[in-house]
Number of protein chains: 2
Amino acid sequence: MRTMSNLADRIEAYLKRILGETEEGYIVLQRGTLADYFSCAPSQINYVLTTRFTAEKGYLVESRRGGGGYLRIIKLGLDPEGKFQRLMAELIGEELSQERAYNLIDRLEEEEIFTKKEAILIKSIFADRILADLVPKASALRARMMKEILANMCRDDINI
Amino acid sequence: MRTMSNLADRIEAYLKRILGETEEGYIVLQRGTLADYFSCAPSQINYVLTTRFTAEKGYLVESRRGGGGYLRIIKLGLDPEGKFQRLMAELIGEELSQERAYNLIDRLEEEEIFTKKEAILIKSIFADRILADLVPKASALRARMMKEILANMCRDDINI
DNA sequence: CTTTTATTGACTATATTTGACCTTGTGACC
DNA sequence: GGTCACAAGGTCAAATATAGTCAATAAAAG
């Protein structure tokens with residue numbers, strides 16, 4: 001269980017909770033109102049959005065300024081058509097930092113492509129702590145490993 | 001003989017005591033607070049963690065910096081036959097060739113410690129084909145990764 | 001006396017919080 | 001239509017709050 005002791009974590013949890021309670025898969029709210037609710041600087045909301053609601057984590061944020069302005073936070077599902085290939089092509093590339101890898105793995109766990117145990121297992125060996133001193137280009141290795149894992153997840157003989 | 005009166009030992013004993021009293025199998029605390037409690041340098045805490053709370057001794061440590069930062073010390077679950085600890089001990093400081101790794105993984109799959117999918121997943125990224133050109137000491141990395149995986153298999157907080 | 005283990009502190013890395021300033025959209029007024 | 005006030009949201013950098021690393025030194029063990 002997270003300590004939830006800092007503001008950013010509490011705002012994140014709040015947004016995820018109401019996102020989970022809604023039917024449409026997105027929520028619309030105002031930055032200033034939310035900032036008031038948590039008695040914080042409005043820019044704190046941007047901080048939470050940019051660190052917790054990224055594309056890798058499966059979210060899309062739209063907004064509008066001016067009168068009637070708003071924030072819309074959308075929870076994305078995976079495209080069932082060729083999802084692995086799309087993920088590999090769009091999100092991995094030639095380099096994959098520890099943080100981006102973890103986000104991606106969490107996302108694949110949410111989509112039930114990995115079990116919790118598999119997610120922990122993969123994250124454990126993708127850690128900089130494990131790779132850094134033995135691998136000059138750790139991000140290149142992570143990218144390669146992640147692609148290899150995803151390719152193997154497509155094997156037919158895997159669910160026997 | 002240890003005098004049992006040095007700081008590191010007392011901090012170790014303290015952490016193990018509160019770990020034993022908790023229900024969840026892990027504790028969360030702050031490095032600075034603990035250092036204050038023992039009136040020592042914060043880095044002393046890191047020393048204790050790296051020397052006493054290692055995977056081979058049955059612990060995992062996770063942490064986070066910045067506001068709301070914390071240390072989480074996880075006590076690994078019981079391993080009655082000491083199988084993992086023995087495997088880890090054998091692998092410490094050793095090298096693990098692709099062939100030996102594959103044999104070990106197959107054995108753990110037969111013993112139903114890994115599912116077929118997990119075995120395929122691990123083997124896929126342990127291949128020399130994946131590691132060789134990016135990792136000067138591929139066997140050292142495999143040994144380290146394998147230990148890390150085994151440690152994580154003992155976590156109580158993953159429901160296997 | 002030598003080797004191993006423990007202690008400390010200076011420096012580094014990372015995450016969060018806040019505030020001053022910037023940009024864009026809307027509508028009233030001319 | 002142009003301009004202006006106001007109502008959003010955006011950006012960025014400084015201040016603050018944590019934790020990590022490393023190397024020098026001290027203490028203990030052998």
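Keep in mind the model is a prediction, meaning the values are calculated, not measured. Each chain gets a letter, A, B and so on, in the order its sequence line appears, and its residues count up from 1.
Between the side chain of A:Arg31 and the base of D:dA8 there is no donor-acceptor pair of N/O atoms closer than 3.5 Å. A donor-acceptor contact under 3.5 Å is formed by the side chain of A:Ser43 with the base of C:dG19.
Of the candidates B:Ile73, B:Val28, B:Ile27, B:Thr22 forms a side-chain contact (heavy atoms from CB on, under 4.5 Å) with just one, namely B:Ile27.
Between A:Gln30 and the phosphate of D:dA8, there is a side-chain N or O to OP1/OP2 separation shorter than 4.0 Å. Taking only side-chain nitrogens and oxygens, A:Arg52 comes nearer than 4.0 Å to OP1 or OP2 of C:dT16.
Atom CD in A:Glu62 sits about 14 Å away from atom P in C:dG25, given to the nearest Å. Atom CD of B:Gln44 and atom P of D:dT21 are 15 Å apart (whole Å). Whole-Å rounding puts the A:Leu71 CG to D:dA7 C1' distance at 14 Å. For the pair A:Ile11 CD1 and C:dA15 C1', the interatomic distance rounds to 14 Å; values are reported in whole Å. C:dT16 atom C1' lies 14 Å from atom CG of A:Asn46, rounded to whole Å. Across the protein-nucleic acid pair, A:Arg65 atom CZ and D:dG9 atom P stand 11 Å apart, rounded to whole Å. Going from atom CZ of A:Arg72 over to atom C1' of D:dG10 covers 18 Å, rounded to whole Å. Between the C1' atom of C:dT14 and the OH atom of B:Tyr70 lies a distance of 13 Å, rounded to the nearest Å.
When the nucleotides C:dT7, D:dG20, D:dT11 are ranked by their closest atom to the side chain of B:Ser63, D:dG20 comes out on top. Closest to the B:Tyr47 side chain, of the nucleotides C:dA6, C:dT16, C:dC22, is C:dA6.
Mapping A:Gly68 and B:Ala8 onto DNA chain C by nearest heavy atom places B:Ala8 closer to the 5' end of the strand. Along DNA chain C, the nucleotide nearest to B:Thr51 and the one nearest to A:Gly66 differ in position, and the one closer to the 5' end is contacted by B:Thr51. When each of A:Thr50 and B:Gly32 is assigned the nucleotide of DNA chain D bearing its nearest heavy atom, the one mapping closer to the 5' terminus is A:Thr50.
Using a 4.0 Å heavy-atom criterion, one finds that B:Ile45 contacts no nucleic acid atom at all.
Look at A:Glu94 and A:Arg144 and you find no salt bridge, because none of the NZ, NE, NH1 or NH2 atoms lies under 4.0 Å from a carboxylate O.
Judged by distance alone, with hydrogens and angles left aside, the side-chain atoms of A:Gln44 form no donor-acceptor pair with the main-chain N or O of A:Ala41 at under 3.5 Å.
To the nearest 0.5 angstrom, A:Leu141 atom CG is 6.0 Å from B:Leu131 atom CG.
Taking the ring axis of A:Phe114 as reference, the NZ or CZ atom of B:Lys117 does not stay both within 45° of it and closer than 6.0 Å to the ring centre.
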